[in-house]
Amino acid sequence: MPAGADIFNRLWRSALWRRAGLWVAGAVPWLLLRSGPGLLAWSAFCAWDALRLQRRVAHGWTAWLDGALPEMEDSTALLLTAESPVAQLQRERLLTRIGSSLTPARVRAVVRERLPLGLPWLAGNLVLAALAWGAALLPHGVPPQAAGLPVAKGAKTAAAAAELIVNMTPPRYTGVEASSAAPRDLQAPEQTVVEWCLKNPAAAAETIELSDGQVLHAGAACARWTATESIFWRWRGARYTLKVLPDQAPEIVVTQPNEIIKELARDATQAAMAISVRDDYQVRQATLHLTLARGSGENIRFSDREMPIPSGHDPRRRDWAKNWAVTELGMEAGDELYFFVRATDNASRPHTVQSPTYTLRLPAPPSDDEQDVSALPVMVKPESLRSQRQIIIDTEQLIADMRAKKMDAAAVRERSESIAADQGALRRRYGQFLGEESTLFGKDDHEEGHGGDHGGAGGNNSGKPQDVLHEFGHAHDQAENATLFDEATKKVLRRALAAMWDAENALRAITPKTALPPEHKALDAIKELQQSERIYLHKTAFAPPPIKEDKRMTGDMLGAASARREQSAAPDGVPVQLRELVGALAGDGPLPSLWTRTAHDWVRERIGADERRLAAQRAIQDVADGCLACRPVLRAWLRGAVHDAPVLLQARPQVETRFERAVRGGEQ
Amino acid sequence: MSWLSIGALILGLASALAYGARRRWIDALLGAVAGIALAGAVGSFALPGDAGGTLTMTSAAAPAALDGVRSLKLEGDGLRAAEWEDLPARPLAWTVPATPAIRVDFPRTIALGRLFTLRLERSWKAAGKLQLLAENGEVLAESKGDGPLSVQWLPPLAERLVLKARLLDASGKLVDQGPVPVTVAEPSPLQVRGRFGAPSFDLRTLDDLLAASNAVIDWQVELGKNLRRSESAREEMKVPDLEIVDAAWFERAGDAARNALLARVAEGAPLLVLGANAGDAGIWSRSVKLHLAPQPADKTIGKRLPMASGSLNPADGHAGEWQGEEGIWTRDWHQGRIAWLGVGGWHRHAIEEPRALALWWQDVLDRLQVRRKDDLAWLAPRELPLPGQRLEVCARGDALAKGGEVNVPGLALTLPWQRRAEYVDASCVAVWPKRPGWLDVRSQAPGGRAADSAVYVYADGDWPLWQRTQRRDATARYAVRTPVLPAGGAARTLPAWPFGLVFLLAMLGLWWRERR
C-alpha cells in the first residue's frame, strides 16, 4: 500500500504542477482589473478544479501507468490490493521494477498525456474578464449622448461623480494641501477657495445652488466661491454639505500662578509663571505684558514691560515657564505686578486674544505708621483711592473673567459694584475741584431721578428739574466759583467727571463692558490735567453758603416750566418684510417678491449654529422649489429666529351678549 | 289601529261573506285570513308589556337608530359626543375602562404678547416628559414631572400655526402626540390714562412697559404746584381702557377731581391705584371704603419677584368689599372695578427679569379685569373635530344678533346661524369637514366687517389617548341623560313580515283554488 500511495502522490504532484499554470494565468486578468469579485470567483473555480483533478488522478492512475509502462504488465492495480499469493508475488516483482522504470520524466509524460492544460477554461476566463473591463469602461462612452436625456437616478449619480470636480484650495497659512474630489460631503478650513469644475469644459454649463441663495455656473470656467460659513450646495437635485472649520483664536492657559490675584509670601523671593498658548494652525506672536504698580493712594507709579514668549519646535503651541526672582521683576514690598498674555495667530485676519490679567502682590511689611494711623480718628485717616488706571485694570479683569469663566450673577454684581464704588470715590475726589457741581447728573430732563442730586452721591428723587434747584434749592455754590482754575482746566475736569460718572453708571448697571470707554476717557482727561497744571485740593472743609429761608419757602417757580412730550414709540420688533413673508407662508398663495433675500438675511443674521442654519436654508430652498408642505417648516425656522418674543400688556377681549346684559341688569 | 288596517279587515270580511254566500267555505276562510293578515301587516301593532331588547354596541361604530332597543350595553370608551347626540337617550350599562387616557387643554386663540400654556393631565401617575415642538421639530418648551404637566411658550408673531406636542414616558418612549393648532391674534393696543402725584422709577418703568406694548398713553406726573410733566397720547383717546393713579395724586387731588374719577369708574372704567406712596389712610377709608394699616418697613411681598410693600396696605386679604392677595386688592365699584396695588420698587426687576415683570403686570391687569369690548367671539369646539364627523361651529356676541350667515369656503357651504337649545346666547352651524387641516369659517359682522375664524380638523390618528378621554366624557354625559322610552311606551312593535307571508299564502291558495 505505501508503494501505491507513494506513486499516487508523485502523479498528483506532477498533475498539480501541470494545472498550476492555468490557475495563475487565469488570475492575472482579474488582478489587472483590480476586480475582487472576479478574483474570488476564479479562486473558487481553481478549488473546484483541484478537487476534480485529485479525483481523476485517484481514479485513473493505475490505468494510466498500465497504459504508459509496458513494464507494469497491466497489473498496476496490484500495487493497491493484492490478496492471492500469486498477486502478492506479482506485486513484489512490480515493486522491484517500478523504481527504475518510473522516472520523473516518465511521470511527467504520463500526466501530460492524460491531463489537458485546461486552455478552454482560460479562454472562458479571459472572455469574462474582457466583459467586466468593458462594463467598467462603458459609462465613459455614454455621456455625450446621454447628457441631454433624462437618465435613471442611479446612472445619474454615477455620471455625476464623473463630470464635476470640486477643487478646494485652503488658504496658504493653514498649510493644508489643496485637494480635489468628486461631489460629496466635504470639510474645508475657513477662507478656502472652492471651485466647481467640469471635467469636460466643452459640455453645457452646470448650475450649482448654494444654500445661502447664491447660484453659480460652472461651464468653461470653474465656479468659484470662498468658504466663509458652512453651507450645502445642490447640483442636479442632490445636496452636498460643505462644512467649514472656522479658524480658532489662540487659546491661552496660565497654569502658574493658579489664582487671578496671587498674594506672595511676605518674604518670597521667587514668583513662578507658566503659560501655554495654543492655536489650530500657528501661533504667530505671543507676548507677556507686565505692569508693575508701586506706591499707594493717589501716588502710584506704573512701569510697563513687554516680553515675547519664545516659540518651540511646534508652531502650534508655545509653552513657557519661568521662575522669576522677585528682584528680576523689580518688585519691592507693597508692589503689585499685573500681567497678561496676548497672542496672535496667523490667520489672514489674525485673531488676537488676551488672557485675563493676573496680579502678583507682594505685601508690604507691617509698618508702625499704620498702627499710628489707626489710632487716629477715622476722619483723618488718609483716603485710600484706587487710581483711574487701576479701575480700568479691574474692569478689564472683570470683563475677561466674565468671558473666560461662568461667573454667577451675584459675583459679577458684587465686583462690578465694588469697582463702581471705587470709581465713585475717585469721582468725588476730583469733583471737589469743581465744587461738586451737580449739573453733571441731569443731562436730560427724562432722568428726573437724578435731576436733584447734589454732591453727586446717590439720588434723592426730588424730581425737580435743574432750574428749580438753582432757583431755590440749596445751591452751595455758583457753578465753578468754588475753585481757582482757569476755564480750560475746568473743561477738562468736567470732561473727566462726566466720563467717570458714565463709567460708574455703567458699572452700577452691571455692564462693565460699556464702562470701559468712559473710563479710558477719564484717564485721558486726568493725564491731560496732570500734564498741564498742578492741582491743589481744598485745604479747608467745604462750607455751603447760608440758606435764605425766606426765599426757600416762597414757592417761587419762576423759570420752571412744565414739560410735555410725545409718548415714546414701541420698539421695532420683527421687520415688516419678515412678518409679511411669514404671513404669506401660512397660505398656499404667492410669496412676496425678493422673499428669498429676506429669508436668507434673517437666517444668516439670527441663526448661529451651523446645523440649524443649514436646515433653515434647506427649508428656504425647498420652498423656493415650490414645496407647499415645506412652508410651515420654513415658517418655524423664521419664527424661531425671533429671539426675544415680546410680552405685550393688553386688555382681555370681552364679548357681552344681550343675555348677559339682561342678567346683569336684573341683578342690579 | 290605523284606517288602513280597518280597510283591510273590511275587505277580508266582504270577501269571506261573498264566498260564504256561494257556500265555498274554504275560500271564505282563506279570504278572511288574507284580510286579517293584511290588516296585521299594515297596522304596525304593538304588543303590550315589557318588550324591547338590549343592544350591545362597540365604540367603533354608532348604531344608525335605536328602534326597538330598550337599553344599551357598551364595551370600550364609547362614541363621540356628536354621535351620542344623534341617538335617543337609553339606559346605558357601561363601566369606564381602566386603559390610560390623557386630557389636554390649551387655548385655540391667543393674543400676541400673552403666554401660551398647554396643560396635560394623565390618568396614571408616572414620570414623564411633555414637549412642545415647532413645525420644524425644534423643541420650544419642555417639562418633566409625574403629575399634571404644563409647558409655556411666548409666540413671537401673530399668525396661525400648528405646533406639535408629545408626551414621553420616563424612558423617552412616545406615549401620545398630536397637533396643537393655535391662532395668534394681533392684540388691540391698550388705552391708558395715568395721573400721578410724584415721579418715580417705578412710574418710568411702567411707562416704558406700556409704550413697549404699543399702548396709547396719556400720562401726567405732577412735579410741583402747577408744574407737571406730561406725555401726550399717540392718538386720540375717548374712553380709556384703564385709569391709573398713584395714591399721592388721589390724596392731593381736590374732591371734584376725585369724584369725577370715581364716577368714571362707576360707569365701567377699571381703576388701578399705585398705593406705594399712600400717606393718608383717612381719605381712602372715606372715599372707597379701603381700610389701610401701617406696614412694617422692611416687608416684601411676592416670591418670584419680591417687591417692597407700601407703607399703608389693607390689613388682610378680606377687608369689607376688598379682596386681595400678593399685594393686590380689588373691589367692584358699581359697574367698574378698583385695584389697590400695595407694592412698589418693581423697577428693580426691569433690567434683570423684564419678561417676568411684564407678565406680573399682565397678571395685575387681568386681576383688575381690564377688558376690551368685542362683538363676536368664536367658541372652541367641545371635542376634537375629525373629518367625516359632525362639527358644530359656534359663536356668540352682538354681531350675530342680526341673523347673518356663515360661509365655509373649504366645503363650498353657506349656512344661516341657528340658535341652539344648549347654548343660551350662542348661535351655531353644523358642518361635516372632509379632510384634516384648517377649515376657514367666515361670517359677516355689522358694518360689512368680515369676521373670520378657522377650525383645525384633526386627523383620525391624532391624540389617541385624548380622543379616548373625550369619548369617555361624552359617554358619561350620555349616560346621565334622562332615558326616553321608545315610542308607544314599553310595548314592542310586532314585526310586519309574518303577516305579509300569511297574506301571500292565503292569496296564493285562493288563486290556486280559483284556477282549478
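What you see below is based on every heavy atom in this structure, not just the backbone, and it leaves out hydrogens, waters and symmetry mates.
Contact check on Arg635(A) versus Glu159(B) returns a salt bridge, with a Lys/Arg side-chain nitrogen under 4.0 Å from an Asp/Glu carboxylate oxygen. Using a cut-off of 4.0 Å between Lys/Arg side-chain N and Asp/Glu carboxylate O, Arg661(A) and Asp425(B) are scored as not salt-bridged. Between Glu135(B) and Arg639(A), at least one side-chain N (NZ, or NE/NH1/NH2) sits under 4.0 Å from a carboxylate O, which counts as a salt bridge. Remark: Glu656(A) does not engage Arg396(B) in a salt bridge, criterion side-chain N to carboxylate O under 4.0 Å. Under a 4.0 Å N-O distance rule, the pair Arg652(A)/Asp366(B) qualifies as a salt bridge. Salt bridge Arg413(A)/Glu352(B): present, at least one basic N to carboxylate O contact under 4.0 Å.
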Could you walk me through whether Gln362(B) and Gln650(A) satisfy the side-chain contact (heavy atoms from CB on, under 4.5 Å) test, starting with their C-alpha distance in whole Å, then the side-chain angles of each, then the deciding distance to 0.1 Å, before giving a yes or no? CA-CA 7 Å; Gln362(B) 184 62 61; Gln650(A) 54 193 285; 3.7 Å; yes

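Judged purely by atom type and a 3.5 angstrom limit, Gln567(A) has no side-chain atom pairing as donor or acceptor with the backbone of Trp219(B).
Here the CG-CG distance, from Leu578(A) to Leu157(B), works out to 6.5 Å after rounding to the nearest 0.5 Å. How far CZ of Arg658(A) is from CG of Leu400(B): 10.5 Å, rounded to the nearest 0.5 Å. Here the CD atom belonging to Glu186(B) is positioned 6.5 Å from the CZ atom belonging to Arg579(A), to the nearest 0.5 angstrom. Interatomic distance, OG of Ser568(A) versus CG of Leu210(B), reported as 9.5 Å (0.5 Å rounding).
Side chains of Leu649(A) and Leu209(B) form a contact here, defined as non-hydrogen atoms less than 4.5 Å apart.
Across all their heavy atoms, Gly397(B) and Val655(A) have their closest contact at CA-CG1, 3.4 Å.
If you check the side chains of Arg228(B) and Ser562(A), you find no donor sitting under 3.5 Å from an acceptor.
Ranked by heavy-atom pairs under 4.5 Å with chain A, the list Lys373(B), Arg114(B), Arg355(B) is led by Arg114(B). Heavy-atom pairs under 4.5 Å with chain A peak, among Ala212(B), Ala215(B), Ala134(B), Ala377(B), at Ala212(B).
Applying the disulfide (SG to SG under 2.5 Å) test to every pair with at least one member in residues 186-225 of chain B, sequence neighbours left out, gives no pairs at all.
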